[in-house]
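Quick notes on the structure that follows.
Numbered from 1 within each chain, the chains take letters A, B, ... in sequence-line order.
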Protein chains: 2
Amino acid sequence: MNDDQYSSYSFLLDRTAKRVKQYAQQRFTELGFNVTVDQWIVLKHLYEHDSMKQNELAEFLFKDNPTLTRIIDLLCDKGLTVRNVHPTDRRSFMVSLTKEGTKKVEQLSPKIKAIRLKAWEGLSERDFNQFKRILDTIYKNLG
Amino acid sequence: MNDDQYSSYSFLLDRTAKRVKQYAQQRFTELGFNVTVDQWIVLKHLYEHDSMKQNELAEFLFKDNPTLTRIIDLLCDKGLTVRNVHPTDRRSFMVSLTKEGTKKVEQLSPKIKAIRLKAWEGLSERDFNQFKRILDTIYKNLG
DNA sequence: TAATAACTATTAGTATAACAACTATTTCTA
DNA sequence: TAGAAATAGTTGTTATACTAATAGTTATTA
C-alpha cells in the first residue's frame, strides 16, 4: 500500500459516511419525523432493549456520556423518553421510552428501513462481507 | 440484501469513520500540531492548489460555506492563512497560505502521512479497490 | 437601464463530537 | 471502617454540520 493512496481511503470513508447521514436526515426532515438521525438511533435501541442505563446506552452506541446526556435531554423534552431512578444505584438513571416514544418507533421503523436500504442498491451479500472485513480491520488497527 | 443487515452497514461505516477521525485528532493533539483534522485538510488543499475561492474550496472538501468560513476564520487567527480580495469579483475572497502556513504543511505532511497509514495495516491493494468500489456505489446511490 | 434574480460570504441558531472538570455516589482497600 | 479510588451523570468549552436569514455584489432580463 503506497502512501498516496491513503488519502483516498480516508477521503472516501469520510465523504460516504457524511452522505449516508445527510441523506437520512434529509428524508427524516422532509417526511416530518421530527427526530434527528442520532435521536432515532437512541430511540431504536431503547425499543429493542427496553430500559437501559445511560452508561450502557452510550457504550452501545459509541457515543460518550456528555453527548448522550444531551440527546436524552432532547428526547425527554419531546416526551419520547423518561429518566427513572435506578433501583440500586442512585448515581444512575434507567432511560426508557414513553408510550409516545414507543408509538413513534413503531410508526417510523418501516419507513426508515426503506430509507436506509436505498444506499445499498446494487451491492451483494459478498460485498457486505468484504466491506465489513475491511472496516473492522481499520477499526481494530486504531483501537 | 435483507433488511436487517443494513443496520450493520450503516453502523460499521459510521463507527469506523468516527474512529479514523478521532485517532488522527488524538495524535495531532498529542504531538502538538495545534490544528484540527479539518483545519489540516484545508491547509493541505491550499498547499496543493495555491490560492482558491472559499467557494471552490468548500465544494472541493465537501463542506458548506458557513463551516468553511469558520475554519478559515480560525486558520487566519492562527496566522496560517489569509483572505485576499478577488481581482474581479468583490464578493469573493481568495484564500491562501501565509509563509507560516506553508511551513506548517511542509513540517507536518510526513508525520500525518504516517499517522494515516496506521489504519490500513494488513490491508492490500485489492482491498482498496473493493473498498473504493463499495463506498463509491453507496455515495452515488444517495447522490 | 431599471428591476429582478443569482451569487458570495457571513451571522445566528440548533445538534452532535470530543475533551476536561465537577458533583454525587459507590466500591475498593489498607 | 475511614480514606482513597472508581463510577454515573452533568456542565462547560471548542469545533464541525446544517439550515435559514442577511448584506453586498454581480448577472440577467424585460
Side-chain angles (χ1 to χ4, degrees), chain A residues 14-30 33-43 52-78 81-95 142, chain B residues 14-30 33-43 52-59 61-78 81-95:
Chain A
D14 194 59
R15 173 178 93 156
T16 306
K18 209 184 284 183
R19 182 169 281 188
V20 165
K21 187 166 185 180
Q22 194 178 17
Y23 177 82
Q25 187 60 60
Q26 281 169 355
R27 295 297 82 70
F28 281 27
T29 302
E30 196 174 285
F33 289 177
N34 196 31
V35 287
T36 66
V37 171
D38 296 275
Q39 288 165 16
W40 168 252
I41 291 166
V42 172
L43 291 178
M52 288 184 85
K53 280 171 63 183
Q54 288 192 199
N55 216 6
E56 298 164 345
L57 204 47
E59 192 183 7
F60 209 70
L61 302 175
F62 297 91
K63 297 187 180 299
D64 57 11
N65 285 340
T67 299
L68 193 66
T69 290
R70 279 151 189 151
I71 294 176
I72 300 292
D73 284 348
L74 292 168
L75 289 173
C76 289
D77 290 350
K78 289 180 180 179
T81 62
V82 281
R83 285 183 173 97
N84 295 303
V85 293
H86 190 284
T88 60
D89 187 341
R90 283 193 296 167
R91 291 170 303 183
S92 294
F93 290 115
M94 298 300 288
V95 183
L142 304 181
Chain B
D14 196 56
R15 172 178 93 155
T16 306
K18 209 184 284 182
R19 181 169 281 189
V20 166
K21 188 165 183 178
Q22 193 178 12
Y23 176 83
Q25 187 60 60
Q26 281 169 354
R27 296 297 81 69
F28 281 27
T29 302
E30 196 174 285
F33 289 178
N34 195 30
V35 287
T36 65
V37 171
D38 296 276
Q39 288 165 17
W40 168 252
I41 291 166
V42 171
L43 291 178
M52 286 185 86
K53 280 172 63 182
Q54 287 192 199
N55 217 5
E56 297 165 344
L57 202 49
E59 192 183 7
L61 302 174
F62 296 92
K63 297 186 179 302
D64 55 17
N65 284 340
T67 299
L68 193 66
T69 291
R70 277 153 189 148
I71 294 177
I72 300 293
D73 284 349
L74 291 169
L75 290 172
C76 288
D77 289 350
K78 290 179 181 179
T81 61
V82 281
R83 285 185 173 94
N84 295 303
V85 294
H86 190 284
T88 60
D89 187 341
R90 285 193 295 168
R91 291 170 304 184
S92 295
F93 291 114
M94 297 302 287
V95 183

Checklist line | Nearest-nucleotide 5' precedence on DNA chain C, A:Ile71 against B:Phe93 | finding: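 Upstream on the strand: B:Phe93.
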Next item on the list: Hey, which sits more toward the 5' end of DNA chain C by its nearest nucleotide, A:Lys63 or A:Asp89?
Entry: A:Lys63
Distance, rounded to the nearest Å, where [X] contributes [atom1] and [N] contributes [atom2]:
X       : N      : atom1 : atom2 : answer
B:Arg19 : C:dA17 : CZ    : C1'   : 15 Å
A:Ile72 : C:dT16 : CD1   : C1'   : 14 Å
A:Lys53 : D:dT7  : NZ    : C1'   : 8 Å
B:Asn34 : D:dT14 : CG    : P     : 14 Å
A:Leu68 : D:dG9  : CG    : P     : 9 Å
A:Gln22 : C:dA15 : CD    : P     : 18 Å
A:Asp64 : D:dT14 : CG    : P     : 17 Å
A:Glu56 : D:dT7  : CD    : P     : 14 Å

With no angle test and no hydrogens, is the base of [N] tied to the side chain of [X] by a donor-acceptor pair under 3.5 Å?
X       : N      : result
A:Arg90 : C:dT25 : no
B:Arg91 : C:dT8  : no
B:Arg70 : C:dA12 : yes

Can you tell which of [options] lies closest to the side chain of [X]?
X       : options                : result
A:Thr69 : D:dT11, C:dA17, D:dC18 : D:dT11
A:Pro66 : C:dC19, C:dA12, D:dA15 : C:dC19
A:Leu74 : C:dA15, D:dT16, C:dA18 : C:dA15
B:Asp38 : D:dA17, C:dC19, C:dT16 : D:dA17
B:Gln54 : C:dT10, C:dC19, D:dA15 : C:dT10
A:Gln26 : C:dA24, D:dT19, C:dA20 : D:dT19

Notebook entry, point to check: Is a donor on one side and an acceptor on the other found under 3.5 Å between the side chain of B:Lys18 and the backbone of A:Phe62?
Noted result: yes
Margin query: Checking the side chain of A:Lys78 only, and the main-chain atoms of A:Asn34 only, is there a donor and an acceptor separated by less than 3.5 Å?
Written below: yes
Note to self: Any side-chain N or O of B:Lys18 below 4.0 angstrom from OP1/OP2 of C:dA17?
What the structure shows: yes
Next item on the list: Look at the rings of B:Phe33 and B:Phe28 and say which category their plane angle falls in: under 30° parallel, 30 to 60° tilted, over 60° perpendicular.
Entry: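 Tilted, since the angle between the ring planes falls between 30° and 60°.
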Is [X] touching bases, backbone alone, or none of the nucleic acid, heavy atoms closer than 4.0 Å?
X       : value
A:Asn55 : sugar-phosphate
A:Asn65 : base
A:Thr67 : base
B:Arg83 : sugar-phosphate
A:Gln25 : nothing
B:Gln39 : sugar-phosphate

Notebook entry, point to check: Any side-chain heavy atom of A:Lys53 within less than 4.5 Å of one from A:Met94?
Noted result: yes
Note to self: Please find the pair of heavy atoms, one from B:Leu74 and one from B:Gln39, that lie closest to each other, and give the distance.
What the structure shows: CD1-NE2, 3.5 Å
Margin query: So which atom in A:Thr81 and which in A:Ile72 form the shortest heavy-atom distance, rounded to 0.1 Å?
Written below: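 Heavy atoms only, the tightest pair is OG1-O, 3.9 Å.
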Checklist line | Distance in Å, A:Lys63 NZ paired with A:Thr69 OG1, rounded so as to fall on 0.5 Å steps | finding: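 Reported to 0.5 Å precision, the distance equals 12.5 Å.
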Next item on the list: Look up atom CD in B:Gln54 and atom CD in B:Glu59, then write down how far apart they are to the nearest 0.5 Å.
Entry: 14.0 Å
Notebook entry, point to check: Using the C1' atoms of five pairs at each end, what's the angle between the two axes of the helix from C:dT1-D:dA30 to C:dA30-D:dT1, to 10 degrees?
Noted result: 10°
Note to self: Salt bridge or not between B:Arg83 and B:Asp73? Use side-chain N to carboxylate O under 4.0 Å.
What the structure shows: yes
Item checked: Closest-nucleotide ordering on DNA chain D, the 5'-leading residue of A:Asp73 and A:Ser92 -> A:Ser92
